[in-house]
**Q** 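Pasting a structure below so you can have a look.
Everything numeric in this text was worked out from a predicted model, so none of it was measured. We use all heavy atoms of the structure for the numbers below, so side chains are in, but hydrogens, waters and symmetry mates are not.
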Amino acid sequence: MEGIQQRTVKVKGINMHYAEKGEGPVILFLHGFPELWYSWHHQIDYFASKRFRAVAPDLHGFGGTDALTEGENCTYNDIVEHLIGLLDQVAPEQKQVFVVGHDWGAHIAWYLCLIRPDRVKALVNLGVPFTPPTSKPLELLKEFFDRDDHYISRFQEPEKMEGEFAKIGTEKVIKRFMANSDPRPIFLSPGGEGFQEPITMPPWLSEKVVEYYTGTYEKTGFRGAINNYIILNGKQENISETGSGSQIEVPVKFIIGSLDPLYNVAKVKDYIENGGMKKHVPSMEEPATILSCVGHYINQEVPDKVNKHIYDFFWPKLDSKDPDLGEFSVETVELNGIKMRYAEEGEGPVILFLHGFPEFWYSWRHQIKYFGSKGFRAVAPDLRGFGGTDAPSKGETDICMYFNIVGDLIQLLEKVAPSEEQVFVVGHDWGAHIAWYLCLLRPDRVKALVNLSVPFTPPDLAVKPLGLLKNIFNSNYHYISRFQEPAKMECEFAKIGIEEVIKRFMANSDPRAIILPPGGEGFRGTITVPPWLSKKVVEYYTRVYEKTGFRGAINNFINLNWKQEILARTYSRSQIKVPVKFIIGELDPILYDVPEIKDYIENGGMKKHVPTMEEPATILDRVGHYVNQEVPHEINEHIYDYFSRMVPGIQIKTAEVNGITMRYAEKGKGPVILFLHGFPEVWYSWRHQINYFASNGFRAVAPDLRGFGDTTVSYDEEEGDESFYTYSNITKDLTGLLDVVAPEQEKVFIVGHDLGAMIAWHLCLVHPERIQACVNLSVAFDAVWRPLADLQNTYGSTYYLCRFQGPKAIDDQFVYEIGVEKVLKKFFQKSALPVRVGEGEGFEELPLPPWLSEKDFKDHYVGKYMKTQFIGGISYYRNMDRNRKNLLEEGFERKIKVPVKFIVGTMDPMYSIPQTERYIEREMEKEVPLLEKVIMEKVGHFINQEEPDKINSHIYDFFQKHLLIN
């Protein structure tokens, strides 16, 4: 469960607690009774590893989520609205999400799909079948079970039930429900008779898990959870007014265990298996999946099976809509006697993407966008004879020699990236074949290679490629063999039709080689286009090949025996010496189904010729030949993980410190500089400093402070949210982080800005033994000591720090009334006057400052604050008087004893106040005797982002001096 983060957000007036992990399309997991988010821990870890973002809330009244109000006004609409509100906060950019429900969570999932089908991409429900809204659900229960003491019926008297549970004991209740292996419904006769039988713990339910559930329910009680089941009739009536007889229209997979008590009710079993449920859920995959010898808690009993079912159902439905072609930068250059077209995006180390047949640069569209946004420069050419790149009109024997094609690529790199001696390379199909020979002929130009689908076989005078194809596939009609007669092949393709050819190659899901007998026999039969190959993509490929024909592309494959012989005369049995990762799909029809090649890849044959290859080769389950288009999320992750090891970039890590999970960015080696951001910022505000100091012999470490970004939020139920945000507690976070990331360094350098500067002052005050020197920006030392009343008298009650002291209504006002973007822009546009926050006033639409791009604003600020809201940041300011009181009570002298450089801009709102300006210029040295001051003209508050070069120089000069001294 490493890396699972827990958060709490305010949603439509209630606190909702949820766990999450991963990045990518959201899967919303809805738990049952008596469970919590924790029941999904197997699924959270699994799907996070598969490039999904797993989000599992505690449902209403469970765990850390507030209970709904009792009474008839509480409806399914209320529950669904809160889930939609949660999604709007945690994933505002995703219009639709995947959903998985179990038990009560499955029941809610059905109604989520019924009420808001526009928000659900697909659903997998476990254990509870759908029945359309009915006005008498409790009577239906009685009809099914012929008794009044089914546990849901008993839950209609919540006070009695909670009293009985209290007498029985929380742990015993948990075990009675979750350890139940009897395929009969759970009946709870009054007086606790249903709890008298001995309980045998199943192997999947550990005592540790029971302890977790028990500890939570002893804290919260069962009442909030039970409240979900009461007044079922009222809830159902509310839906049935508009939805009775309604159908579930989103794609659905239903799974239930053969030992589930509900499945063993004859009427329910018949309803599931014989078409009753299908009438109401016409989009349900048939038949329903019945897992043999599995009970009710299916996702915990057999997590691997359930994970695979969910994954196999969801992955074909991933949104693979293609961006408009206009979003790509496509250029043409002259080189090596031809004109070559290429697409590119991004800045950073170059990745050269080489496509296969019948493709061109566009096959890498998912990778171009992804790596362009990840600090790489993606360059994807049309290879010689493909798409917009020329196929010379010379004799067919020499236009596509390996030397020519490799020469094309080397000259392309010299044109587009003359300063890069080495680049990363990714190849697929024919492009993988070329990538191997690029590494063989010019290893000096390749930093590392990821090759897809085509393994390396070294040039060998004794091996004839076409004869090898015939022996392996027992046919003269393998498509590459047929390509030796390009004119005939092109004529056949013309008769068949270009679109049909494209589909035959790219939509082929048969795990056998493509065999093309003369006359087009290989193109007969129905073609099922896979979900990843959209009509738009097929149309685009078709349109390009209608313009160019296939001849130029086919010419690459002719005379393979002769080409191989020429190469083998110099490079016979040579090895690939650059770092390599090899990936292939389990269902690849061209290669992986051939036993000889399968053995060559898996059992050391290929490793002999590619000794630098990462082992084992990566085999992707249930994936075919076009791996980079079929599962782009997985391929991108594999490529990124492999290449990023070789790029000294900013790394994002987490550490468990002081009871929270703290996320931090770091880069470089050497003495640590701890960078502390302000409000409303995150670690990213130090991006200029991180890169600069990492390249100048320091190790830059920039955390998201508690409650900001991806560092977890803490809550204290007795004292209130803000009690966890005192400077003394934050100091423990940071000293704990230093103990984790740099245990060998007794002292570190520290840089703070805004709120981070106040925390840095506090660190210097209480832990001078840990600080070598400090540079603080914008906020002077006296701010640590100023009482709130002084601020209010000076700036008025609408000054933002004063407004933050009020009720938590301002938190919701920022998010729901004003909007996150407007609030952030208001603060980032700080002028020479204090920021004032009225009752929603003063938040007109403002432009972004010139130092902050729209992309950075959306990606690193808006997205984060939509998730966390402003509760963490505001809670710091609600502790101002408490921090001052703590320092006075603990007897700290009002004096900083470490060397400090203080920098402020003349247009900073803090400096523009006469009282503060006077303190900085005349009095600050008394309390900070080892002080240097810099007043920067015409610079505002966000000084490290407005003037990064000047700030970097000031920090470097100061720290370098004290580094030498020490």
Side-chain angles (χ1 to χ4, degrees), residues 338 354-360 363 381-387 389-409 427-438 440-441 451-457 459-460 463-473 475-494 496 498 501-502 504-506 508 513-518 520 522-523 541 544-545 548-568 588-591 594 597 625-626:
I338 63 172
L354 306 178
H355 65 80
F357 178 90
E359 300 165 293
F360 40 93
S363 66
D382 288 344
L383 293 175
R384 179 176 284 235
F386 290 83
T389 295
D390 293 343
S393 57
K394 286 186 176 183
E396 293 179 344
T397 56
D398 65 351
I399 62 168
C400 290
M401 287 290 292
Y402 296 129
F403 299 106
N404 298 91
I405 300 172
V406 169
D408 296 345
L409 299 175
H428 171 250
D429 186 84
W430 176 251
H433 192 63
I434 297 303
W436 291 124
Y437 288 113
L438 174 60
L440 191 66
L441 299 174
N451 249 356
L452 314 177
S453 303
V454 176
F456 176 68
T457 53
D460 191 332
V463 176
K464 305 295 183 186
L466 296 175
L468 190 63
L469 282 173
K470 181 178 179 180
N471 291 336
I472 290 175
F473 299 110
S475 174
N476 287 319
Y477 303 134
H478 185 275
Y479 76 96
I480 293 178
S481 300
R482 290 294 319 283
F483 282 0
Q484 304 313 301
E485 298 179 299
K488 286 185 179 181
M489 203 69 245
E490 189 171 37
C491 287
E492 284 190 23
F493 281 177
I496 294 161
I498 290 175
V501 172
I502 297 295
R504 177 66 179 90
F505 274 85
M506 298 188 71
N508 182 52
I514 296 177
I515 307 298
L516 302 179
F523 288 86
Y541 281 112
V544 171
Y545 277 101
T548 66
F550 287 99
R551 184 64 173 271
I554 291 174
N555 281 343
N556 283 273
F557 295 88
I558 64 174
N559 288 317
L560 283 181
N561 286 348
W562 179 72
K563 293 175 183 176
Q564 187 88 334
E565 181 181 336
I566 296 296
L567 202 62
D588 192 307
I590 295 180
L591 295 175
V594 180
I597 297 178
H625 179 66
Y626 296 90

**Q** Of all heavy-atom pairs between Phe483 and Ile558, which one has the smallest distance, and what is that distance?
**A**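 Closest pair (atom of Phe483, atom of Ile558, distance): O-CG2, 3.1 Å.
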**Q** On a heavy-atom basis, which atom in Pro381 and which in Leu409 lie closest, and how many Å separate them?
**A**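 Taking every non-hydrogen atom into account, CG-CD2, 4.1 Å.
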**Q** Of all heavy-atom pairs between Asn476 and Ser481, which one has the smallest distance, and what is that distance?
**A**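 Taking Asn476 first and Ser481 second, the nearest heavy atoms are O-CB, 3.4 Å.
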**Q** Output all residues satisfying side-chain hydrogen bond (donor to acceptor under 3.5 Å, both in side chains) with His433, sequence neighbours left out; order by chain, then residue number.
**A**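 Per chain and number, His433 pairs via side-chain hydrogen bond (donor to acceptor under 3.5 Å, both in side chains) with Tyr402.
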**Q** Residues two or more places apart in sequence or in another chain: which of them pass salt bridge (Lys or Arg N to Asp or Glu O under 4.0 Å) with Glu565?
**A**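 Partners of Glu565 under the salt bridge (Lys or Arg N to Asp or Glu O under 4.0 Å) test: Lys464, Arg569.
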**Q** By ring pair (Phe, Tyr, Trp, His ring centres under 6.0 Å), which residues pair with Phe360, not counting sequence neighbours?
**A**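 So Phe360 forms a ring pair (Phe, Tyr, Trp, His ring centres under 6.0 Å) with Tyr540, Tyr541.
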**Q** Looking at His625, is its backbone amide N or carbonyl O close enough to the side chain of His428 to form a donor-acceptor pair, meaning the two atoms are under 3.5 Å apart?
**A**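 It does hold such a pair.
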**Q** For Pro358, give me all partners under side-chain contact (heavy atoms from CB on, under 4.5 Å), at least two apart in sequence or on another chain.
**A**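 Ile502, Phe505, Met506, Tyr545, Phe550, Tyr626.
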**Q** Looking only at non-hydrogen atoms, find the nearest pair between Leu560 and Pro465 and report the distance.
**A**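 In terms of heavy atoms, the two residues are closest at O-CG, 4.0 Å.
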**Q** Working to the nearest 0.5 Å, report the span between NE2 of His355 and CG of Leu383.
**A**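 Answer for the NE2-CG pair, His355 versus Leu383, is 3.5 Å.
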**Q** Atom CG in Asp390, atom CZ in Arg384: separation rounded to 0.5 Å?
**A**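 So the gap between those two atoms works out to 9.0 Å.
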**Q** Can you see which heavy atom on Phe357 is nearest to which on Asp429, and at what distance?
**A**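 So the two residues come closest at N-OD2, 2.9 Å.
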**Q** Distance check, rounded to the nearest 0.5 Å: Asp408 atom CG versus Asp382 atom CG?
**A**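 Reported value, rounded in 0.5 Å steps: 12.0 Å.
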**Q** From Tyr437 OH over to Gln564 CD, what is the distance, rounded to the nearest 0.5 angstrom?
**A**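 Between Tyr437 OH and Gln564 CD, I get 4.0 Å after rounding to 0.5 Å.
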**Q** Kindly write out the residues that satisfy salt bridge (Lys or Arg N to Asp or Glu O under 4.0 Å) with Lys488, not counting sequence neighbours, or none if the list is empty.
**A**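 For Lys488 the salt bridge (Lys or Arg N to Asp or Glu O under 4.0 Å) partners, ignoring immediate neighbours, are Glu485.
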**Q** Which pair of non-hydrogen atoms, one from Ala435 and one from Gly427, has the smallest distance, and what is that distance?
**A**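 Result for this residue pair: CB-CA, 4.4 Å.
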**Q** Kindly write out the residues that satisfy side-chain contact (heavy atoms from CB on, under 4.5 Å) with Glu492, not counting sequence neighbours, or none if the list is empty.
**A**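 Applying side-chain contact (heavy atoms from CB on, under 4.5 Å) to Glu492 gives Arg482, Met489, Pro518.
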**Q** How long is the straight-line distance from OG1 of Thr389 back to CD1 of Ile405, given to the nearest 0.5 Å?
**A**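 That separation rounds to 11.0 Å.
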**Q** Short question: side chain of Asn556, backbone of Ala553 - any donor-acceptor pair under 3.5 Å?
**A**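 Side chain of Asn556 to backbone of Ala553: a pair is present.
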**Q** Verify whether the ring centers belonging to Phe456 and Trp436 lie closer than 6.0 Å.
**A**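 Ring centroids of Phe456 and Trp436 are less than 6.0 Å from each other.
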**Q** Kindly say whether Leu466 contributes a backbone atom to a donor-acceptor pair with the side chain of Asn561 at under 3.5 angstrom?
**A**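 Yes, the answer is positive, given that a donor and an acceptor are paired below the 3.5 Å cut-off.
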**Q** Are the side chain of Glu359 and the backbone N or O of Leu354 linked by a donor-acceptor pair below 3.5 Å?
**A**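 Answer holds: no.
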**Q** Taking it one step at a time, do Phe386 and Val544 satisfy side chain to side chain contact (heavy atoms under 4.5 Å, CB included)?
**A** CA-CA 9 Å; Phe386 290 83; Val544 171; over 6 Å; no
**Q** Distance check, rounded to the nearest 0.5 Å: Tyr477 atom OH versus Ile515 atom CD1?
**A**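 The distance works out to 11.0 Å.
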